[in-house]
Novice: 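I'd like to ask you about the structure that follows.
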Amino acid sequence: MEANEYLSLLNPEQKESVVHSGEGSEDLLILAGAGSGKTRVITTKIAYLISQKHVDPYSILAVTFTKKAADEMRERAVRLEPKAQYAQIRTFHSWGAYFLRKYHSEASSYFKAVYGREGISGVDSNFTVYDDDDMATLVSKAIPSIPKKETALIAHKISLAKDYGLTPESESFSEIDAGEEFREQYALYEKRLRQTGNVDFGDLILIPYLVLKNNAEIRHRTHLRYRYVLVDEYQDSNRVQFLLLRELAGIEEKAGVYICVVGDDDQSIYKFRGAEVQNILDFEKDFSKPRLIRLVRNYRSTPEILACANSVISNNEKRLGKTLEAQKKKGKIPVLAYLPNQDDECDFCSDLILNAHEKGVPFSDWAILYRTNAQSLGFESTFLRRKIPYQVVGTLKFYEREEIKDALAWISFLANPKNEIAFRRIVNKPVRGIGAVTQEKIVEACAAKSILENARSVKISKKASEGLNDFLSVAEELLSMLPSNAAEDEKSAEEKSDKEKKSAKKLSDFVDALSKKSGLEEFHRSQDEIAGTQKVLNLEELANSAALYPCTMEGLLEFLDHIELDRSLEDESSDGTDRVTLITLHNTKGLEFPRVIITGLEYGVFPRENKSGEELEEERRLFYVGITRAREQLYFTSCASRRMYGQTKYMSPSPFLSEIGADEMRVVGDMPSSMQGDFAGENAVDPVAKKWRVGASVFHDDWGPGIISSGRMSEGEYVISVVFENGSVKKFLPKYQKALILIED
DNA sequence: GACAGTGAAATTTTT
DNA sequence: TTTCACTGTC
């Protein structure tokens with residue numbers, strides 16, 4: 001396609017975003033609302049830079065957060081401009097992995113300087129990436145005094161520290177609410193991890209940042225290489241990603257690297273994972289002469305849907321501010337249904353879907369959105385009963401399955417025999433008589449050395465040594481199946497895989513052999529027979545997915561990177577079957593559906609209880625994301641009572657619902673007041689309780705505005721808890737309370 | 001090391 | 001209510 005052709009498809013703001021290319025060292029922030037054609041802009045921009053500005057595609061780096069988004073971006077950019085295939089279009093983490101493999105020895109030198117040389121391996125060229133579970137295991141091995149159940153907590157905290165760009169040497173951990181005790185734990189973990197030569201997820205960003213920051217030569221080379229850096233979904237970037245971007249930009253040395261970020265502050269929903277809305281709010285402050293372009297024309301949803309979205313999000317204070325403008329013709333007004341309980345909610349959704357289906361609306365037009373995974377259960381059983389085909393998105397993911405983790409542990413161990421976590425996972429599975437004590441001995445003796453090469457010289461019991469021999473010979477046998485093509489190291493990874501795909505043996509045969517020889521297949525086959533699972537099938541699936549890679553050590557590493565850096569592997573059921581989608585609100589980001597039902601709109605469910613201030617704003621953004629997924633029709637459901645943890649709880653409508661104007665939606669059913677008398681006897685209607693209902697807004701003379709988070713009868717008195725905007729929670733007896741007033745809405 | 005029995009806990013989760 | 005992690009027994 002010619003440039004003027006694809007540019008003519010854009011609206012003025014989109015076009016401006018595309019042609020802005022940083023003359024006069026200006027950077028660019030594109031504030032792209034939901035459904036405003038963001039991906040089109042970024043892909044067109046890549047094509048435009050190459051074909052019109054004659055930019056070498058090799059010098060373009062475009063990063064996204066998910067594999068799916070990266071694939072889509074590459075595909076669409078290449079369609080516009082074939083040379084875009086030579087640009088680096090990938091996820092933040094996969095770029096980090098690429099960078100680390102390239103500069104592993106510089107990274108290792110950095111760590112040797114920090115920790116001293118003894119027993120430190122740093123980052124190996126053939127490192128594998130530890131996931132959360134692996135991290136927790138490593139924590140418990142690095143700090144044996146820690147109780148098992150706290151390891152995951154500490155691992156999480158370490159992840160968070162890395163997301164904030166903090167190392168054990170950092171001055172303070174106040175940003176992540178941790179202190180000196182944490183510093184010691186973090187340091188022990190790091191030392192242990194550096195012994196293995198492997199990295200965790202956080203390292204994929206943190207270490208490239210540290211290397212760039214501390215190594216002027218590499219920084220310089222990198223500035224020469226990447227002249228144009230584009231970041232998608234910038235609102236989801238965390239602190240360390242921001243720091244890395246600053247190094248890539250080379251602001252201080254005036255490297256002249258063009259930075260363009262695209263994002264939507266209103267769709268930032270990953271604060272709990274370290275994402276910083278502040279990054280996008282501060283962009284204009286942090287980068288050079290930045291230009292801000294707003295894309296607010298929405299091509300996805302009807303004006304009625306956008307009116308709701310705009311009303312809701314305008315209640316947030318921390319935002320750059322924008323109002324979506326509908327480009328579609330008028331449609332149907334959104335519907336809010338007040339329902340007695342969650343069974344009625346399931347039936348209401350089923351009725352909607354089945355009625356529409358009779359009129360020819362496919363099941364796949366529908367998506368049921370909910371706040372927590374547990375809420376899918378009711379829908380699943382109802383849909384099963386009423387024969388509505390459905391798919392649940394993002395529950396047990398492929399890579400989280402035991403058998404897959406086992407096979408991957410084998411692969412990781414072969415790639416890097418210093419990987420103690422992988423070793424521990426597989427050495428005694430199936431049982432080889434190598435218990436925890438023996439494992440400990442072996443790992444201790446082989447610290448920072450190849451377990452494969454050194455394990456035989458460790459003194460262990462006779463029984464264990466037989467098992468170990470068995471294990472090691474399987475590993476050696478498997479390794480011998482993998483020729484290493486060191487001679488071809490000079491070639492770039494892309495070039496190499498292309499060639500080898502055609503000629504060499506497939507890696508799938510290797511993975512298949514691995515399942516069999518390791519005993520994993522047999523082990524899981526017997527599990528399948530007991531539990532009726534399909535673990536063996538999954539192992540075969542894994543082998544299949546390796547078919548595209550050559551049967552070499554390099555192919556193995558590529559395959560590992562692909563698997564490890566794409567934990568969002570599609571559910572196998574994403575074939576063309578016509579079915580309803582059940583999905584958490586978080587998982588809907590980037591998706592759209594003709595008909596959307598947002599369920600469980602009750603205080604305590606959505607928003608979750610005790611949310612206030614910034615946290616409440618994030619919940620509101622989540623609601624906004626949900627609303628803007630809908631193309632044609634939007635429904636809300638809110639239940640008067642809900643079974644939670646085995647008890648029936650009486651619910652109040654979500655405060656978010658009152659943020660939508662009365663004329664912006666149609667209400668069906670009766671809005672419940674708290675403790676309604678439907679269920680005679682148990683909960684007599686107390687007029688005080690009715691007035692001071694859960695979810696209502698209040699104002700306190702000393703504490704300011706707040707929301708009633710719970711209310712119950714205690715010794716004949718109605719007691720409420722109020723969450724104030726500063727986060728504090730207070731209890732009151734409203735009957736006698738004078739400083740507290742109710743704000744009617 | 002497998003298993004039943006007990007008790008505490010119960011968000012969201014790109015990589 | 002359900003789930004999962006831990007405990008003690010065989």
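Any value given below was found using the heavy atoms of this structure, including those in side chains, with hydrogens, waters and symmetry copies removed. Order of the sequence lines sets the chain letters (A, B, ...), proteins ahead of strands, with each chain counted from 1.
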Novice: If the C1' atom of C/dA5 is compared with that of B/dT12, how far apart are they to the nearest Å?
Specialist: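 23 Å, rounded to whole Å.
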Novice: Which residues satisfy the side-chain contact (heavy atoms from CB on, under 4.5 Å) test with A/Glu150, sequence neighbours excluded?
Specialist: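 Counting only residues at least two positions away or on another chain, A/Glu150 forms a side-chain contact (heavy atoms from CB on, under 4.5 Å) with A/Ile146, A/Pro147.
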Novice: Expressed in angstrom and rounded to an integer, what is the separation of A/His93 atom NE2 from B/dT13 atom C1'?
Specialist: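 That distance rounds to 12 Å.
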Novice: Rounded to whole Å, please give me the gap between CG in A/Asp200 and P in B/dT13.
Specialist: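 Spelled out: CG on A/Asp200 to P on B/dT13 is 21 Å.
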Novice: Return yes when atom CD of A/Glu380 has more than 12 non-hydrogen atoms of other residues, nucleotides or ligands closer than 6.0 Å, and no otherwise.
Specialist: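 Buried by this count: over 12 neighbours within 6.0 Å.
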Novice: Kindly say if A/Thr64 contacts the phosphate of B/dT14, meaning a side-chain N or O under 4.0 Å from OP1 or OP2.
Specialist: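 It does not, given that no N or O in the side chain of A/Thr64 lies less than 4.0 Å from OP1 or OP2 of B/dT14.
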Novice: Please identify each residue that fulfils side chain to side chain donor-acceptor pair (under 3.5 Å) with A/Arg643, with sequence neighbours left out.
Specialist: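 A/Arg643 satisfies side chain to side chain donor-acceptor pair (under 3.5 Å) with A/Asp343 only.
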Novice: Mind checking what makes ring pair (Phe, Tyr, Trp, His ring centres under 6.0 Å) contact with A/His586, not counting sequence neighbours?
Specialist: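 A/His586 satisfies ring pair (Phe, Tyr, Trp, His ring centres under 6.0 Å) with A/Tyr270, A/Phe272 only.
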Novice: Heavy atoms under 4.0 Å is the rule here; annotate nucleotides 1-11 of chain B 5' to 3' with B where the base is hit, S where only the sugar-phosphate is, and - elsewhere.
Specialist: S--------BB
Novice: Whole-Å distance between B/dT14 P and A/Asp131 CG?
Specialist: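 My rounded result for the distance is 12 Å.
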Novice: Could you give the CG-to-C1' distance, from A/Leu616 to B/dT12, as a whole number of Å?
Specialist: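 Taking atom C1' of B/dT12 as the reference, CG of A/Leu616 is at 15 Å.
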Novice: Need one value for A/Tyr270: base, sugar-phosphate or nothing, where a base atom within 4.0 Å counts as base even if backbone is also close, heavy atoms only.
Specialist: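 It contacts base atoms.
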Novice: Report the residues that fulfil ring pair (Phe, Tyr, Trp, His ring centres under 6.0 Å) with A/Phe593, sequence neighbours left out, ordered by chain and then residue number.
Specialist: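 So A/Phe593 forms no ring pair (Phe, Tyr, Trp, His ring centres under 6.0 Å) with any residue.
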Novice: Kindly write out the residues that satisfy side-chain contact (heavy atoms from CB on, under 4.5 Å) with A/Asn238, not counting sequence neighbours, or none if the list is empty.
Specialist: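 Only A/Asp163, A/Val240, A/Gln241 meet the side-chain contact (heavy atoms from CB on, under 4.5 Å) criterion with A/Asn238.
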Novice: Going from CG on A/Asp265 to CD1 on A/Ile313, what distance comes out if it is rounded to the nearest 0.5 angstrom?
Specialist: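 It is 8.0 Å, given to the nearest 0.5 Å.
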Novice: For A/Asp200, check side chain to side chain donor-acceptor pair (under 3.5 Å) against everything at least two apart and list the hits.
Specialist: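 Side chain to side chain donor-acceptor pair (under 3.5 Å) check on A/Asp200 returns A/Lys162, A/Tyr189.
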Novice: Starting at OH of A/Tyr624 and ending at C1' of B/dT12, how long is that distance when rounded to a whole Å?
Specialist: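 Atom-to-atom, A/Tyr624 to B/dT12, this comes out as 20 Å.
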Novice: Whole angstroms only, please: what is the NZ-C1' distance between A/Lys271 and B/dT14?
Specialist: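 Interatomic distance, NZ of A/Lys271 to C1' of B/dT14: 18 Å.
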Novice: Distance check needed: B/dT12 P versus A/Glu609 CD, whole Å only.
Specialist: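 That distance rounds to 16 Å.
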Novice: Could you give the start and end, 5' to 3', of the contact zone on DNA chain C for chain A, using atoms under 4.0 Å from its heavy atoms?
Specialist: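 Using the under 4.0 Å cut-off, the span is C/dT1 to C/dC6.
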Novice: List the residues meeting salt bridge (Lys or Arg N to Asp or Glu O under 4.0 Å) with A/Glu521, not counting sequence neighbours, and say none if there are none.
Specialist: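 Partners of A/Glu521 under the salt bridge (Lys or Arg N to Asp or Glu O under 4.0 Å) test: A/Lys516, A/Arg525.
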Novice: Rounded to the nearest angstrom, tell me the gap between atom CZ in A/Phe272 and atom P in B/dT13.
Specialist: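 That distance rounds to 7 Å.
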